[in-house]
Amino acid sequence: MKISRGATITEPGSTSLEETGSWRTFRPVIRYEKCIRCMICWNFCPEPAIEKKEGENYPVANPKLIKMPVPVINYNFCKGCGICVNECPTKAIDFIREEK
Amino acid sequence: MPMMMLRGNESTAYAAKLARVKVIPAYPITPSTLFPEKISELIANGEMEAEFLPVESEHSALSAAIGAAATGVRAMTATASQGLALMHEVLFIASGMRMPIVMAIGNRALSAPVNIWADQQDTIAERDSGWIQFYAETNQEALDLTLIAFKVAENDKVLLPAMMGMDAFVLTHTMEPVNVPEQQDVDEFLGEKKINYPVLDPEKPATFGAFVFPEHYMDIRYSQFIAMEHARSVIDDVFNEFEKKFGRRYSKVSGFMVDDAEIVFVTMGSMTGTARETVRKLREKGEKVGLVKITVYRPFPKEEIVSLTKNAKVVAVVDRNISPGFAGAIFTETVASYNNEKKRPKIIDFIMGLGGRDVKIENYEQVYNLAKAALRGKFKEINWIDVDEEAVKEVEGTL
Amino acid sequence: MNYEDMEFFAPGHRACAGCAAPIIVKWVLKISGPKTIVVNATGCLEVFSTPYPHTSWRLPWIHTAFENAAATASGIDAALKAIGKRDDVNIVVFGGDGGTSDIGFQSLSGMAERGHNILYIMYDNEAYMNTGIQRSSSTPFGAWTSTTQVGPSRPLGKEEFKKPIAEIMAAHKIPYVATANPAFLPDFKAKIQKALSIKGPKFIHTISSCTTGWRHDPSKTIEIMRLATETGIFPLWEIENGDFSKIKITYMPKQRKPVEEYLKPQGRFRHLFNEPEKIKEIQKMVDEWWAKFETKS
Ligand SMILES: Cc1ncc(C[n+]2csc(CCOP(=O)(O)OP(=O)(O)O)c2C)c(N)n1
Ligand code: SF4
Ligand code: SF4
Ligand code: SF4
Ligand SMILES: [Mg+2]
């Protein structure tokens, strides 16, 4: 075990070593073919567990959007709150009960 | 080095200036009000460069001092009594976060009943807060010990805040000749503040004041305890350096005519002067009496006290504070210091001078007589000196 | 520089699923960028983001106590000034409604009066959530909390009105005061940006839904905050230099939705639906606010 004087922490952002994916009871799954890459889900994910990735290798709702970034859910952190599911304007995110 | 006539509060304000303190948040309270006033004046006159924050409470004063210290700069504040009590919560935070803040205290009674005069209850009540505690006997000591406090607090092995107490009015408001050191000498003694702990810096982000679980909390507290233990030798080293530079000698505890003394007074703060006079007077009459003065109360100088009092037959501890339900704090800790000693003197507590009651030679003579009676076996463990027993009996009944 | 694609707030924190506070934080930091020092009052955010030895913060961050975040920030402001590093660093404070409207109000008012160059953000989840949903002065009229329990002798929940903290801060005549709502993200971002561009004390009051205390489904966090503004219960406005006559309402609902739409999905208001006249009272309060300020804007 290590401690630090005054409990000061010098590893910024280190909660990312503590995964919260096991909190989930429902799993959001993006159906890219319905996704218009508006990034609203990315805007509102509280963890944040949605990453912005280059979109060329993902299915696309409209070929014009192929150059746009896509949202990719990091299940190590997604707590399954469902905000993204609720906010997605095209209902592109399914919410599936986790099998435990 | 110029001699100046200074009040205690001015001594500590000059110490702040000489230490090149960068941030001074403060809130007025009798008897420490003159400190922020003097700082404001020094800045207004262009004699001092610092950010003075006239905050809206003592709680905020110390909070702002933590913010400043966490940013890496030297920070100081001053308060007394109710102000210190209001800071209670923040005192533990400052020490727990290991912020080397220095604070000058005008030692004053705590309400109720409200009373603005000399009494050490305010700082004694904060003895567990993790701050180093110095107590001055004179205004010269107030200045010197403030400078010393910075050097100790900022030491790599310590990194703890320190408070420097001086008795209300007797020191805070009384003019005394003070040898004010030259800026260059103080610069050489203290140096620029080192950045020897993480600070709030966007280039190197750190998190201060995290939420700590039982898994780590106790170890962090233990490390703080060890730092306070380290302070013992660091304080001695700094006292030595100070003597080399400025020629004035300090010790955590100093003895006066203790070598052959059968009865030894233990005192702290301004009431030591009267005790010393009493000792001289009694010595002239051939009485074997001595005096031990405490300058550092935290860390408590247990070994030094034992070594200076162990040859006495009676140790008469004078406490300007009281813990209702037990005794004065210095008494309790002196007794505890003897825990592992085979041979121990009788240790008796004398509660004296609370709320600014005059401490006179007659009072010490009374203490001496009671201690002498104890030599013959007759004594009470806790004695209130110069109180009206009859008046108290009338309202509280007989014990 | 635009830092919107950077994350200064790391995942792995322990906020309840669906908590709005991290959404607020991540967006404030995306706007303020890397040259920011964050001060946090005690509360949910402080606790869930710094489980020692880890931290979610990728920026310098300090927490000292519950009621003194503004004072701590004042000391940082002074220290940066003293060492000549003040200009290029933002100081941002996050305080809960308890740490701001109640116990921390004195130090906040002091910071504002002294004119420190600090952006203070109150994330308002309308109760003391960290200690288990006790009422604060910011809890709205009619809300159940663990200290405004609902029962036959007390059918209403909280009987007092919400303290208008942003208006009180505007009365300090500080350069910038605004209300904000992360559900209205462009407006939210613009306000953070604007606040940071102004020197002096700034105060932003942002709504921050708490799924646990407000008793709603976590997926509804943004939806419910959006309804708070669409019903007019949480109007979005800004006031500069305390000039109430020039209040700017930054989102003008074409037609305000009835307050029921906001109250209904929240368990903390469930009992109100047995007291329809109380709901009318809430509607009246909202209408009065708009009658007073809408014309000015
Ligand atoms: C002086 C003091 N009193 C009480 C507490 C206990 N306490 C910690 S957080 C908190 C409530 C915080 O409420 P708020 O500021 O609204 O933040 P939230 O947790 O709701 O985000 C309380 C009462 C404390 N830490 N310090
Ligand atoms: S369910 Fe919640 S946590 Fe998971 S990706 Fe969606 S918004 Fe983020
Ligand atoms: S909100 Fe829906 S449509 Fe928009 S980016 Fe996310 S998944 Fe795609
Ligand atoms: S209790 Fe409420 S405010 Fe606190 S973390 Fe949970 S949702 Fe967020
Ligand atoms: Mg709250």
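To find a chain, count down the sequence lines: A is the first, B the second, and so on, and within it residues start at 1.
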Q: By a 4.5 Å heavy-atom criterion (distance strictly below it), what part of A:Ser4 contacts chain C: side chain, backbone, both, or neither?
A: both
Q: Could you go through C:His13 and A:Glu18, starting from their C-alpha distance and side-chain angles, then the distance that decides it, and tell me whether this counts as side-chain contact (heavy atoms from CB on, under 4.5 Å)?
A: CA-CA 8 Å; C:His13 57 73; A:Glu18 299 186 38; over 6 Å; no
Q: Going by residue number, which parts of residues 24-40 of chain C are within reach of chain A, meaning a heavy-atom gap below 4.5 Å?
A: C:Lys26, C:Trp27, C:Lys30
Q: What residues of residues 72-80 of chain A make heavy-atom contacts with chain C at a cutoff under 4.5 angstrom?
A: A:Phe77, A:Lys79
Q: Is it the side chain or the backbone of A:Ala7 that comes within 4.5 Å of chain C heavy atoms, both, or neither?
A: both
Q: Is it true that the side chains of C:His54 and A:Glu11 contain a donor and an acceptor less than 3.5 Å apart?
A: no
Q: Can you say whether A:Ser14 sits under 4.5 Å from chain C via the side chain, the backbone, both, or neither, judging by heavy atoms?
A: both
Q: Check residues 52-61 of chain A and write down every donor-acceptor pair under 3.5 Å in which the side-chain atom is one partner and the other belongs to a residue at least two apart or another chain.
A:
from, atom 1, to, atom 2, distance (Å)
A:Lys52, NZ, C:Asp5, OD1, 2.7
A:Lys53, NZ, A:Glu51, OE1, 3.4

Q: Please list, in residue-number order, every residue in residues 55-65 of chain C that has a heavy atom less than 4.5 Å from any heavy atom of chain A; write 'none' if there are none.
A: C:Thr55, C:Ser56, C:Trp57, C:Arg58
Q: When rounded to the nearest 0.5 angstrom, what distance separates OG1 in C:Thr50 from CD1 in A:Ile9?
A: 6.0 Å
Q: Between A:Cys81 and C:Ala17, which heavy-atom pair has the shortest distance, and what is it?
A: CB-C, 3.7 Å
Q: Is any side-chain N of the basic residue among C:Lys220 and A:Glu87 closer than 4.0 Å to the acidic one's carboxylate O?
A: no
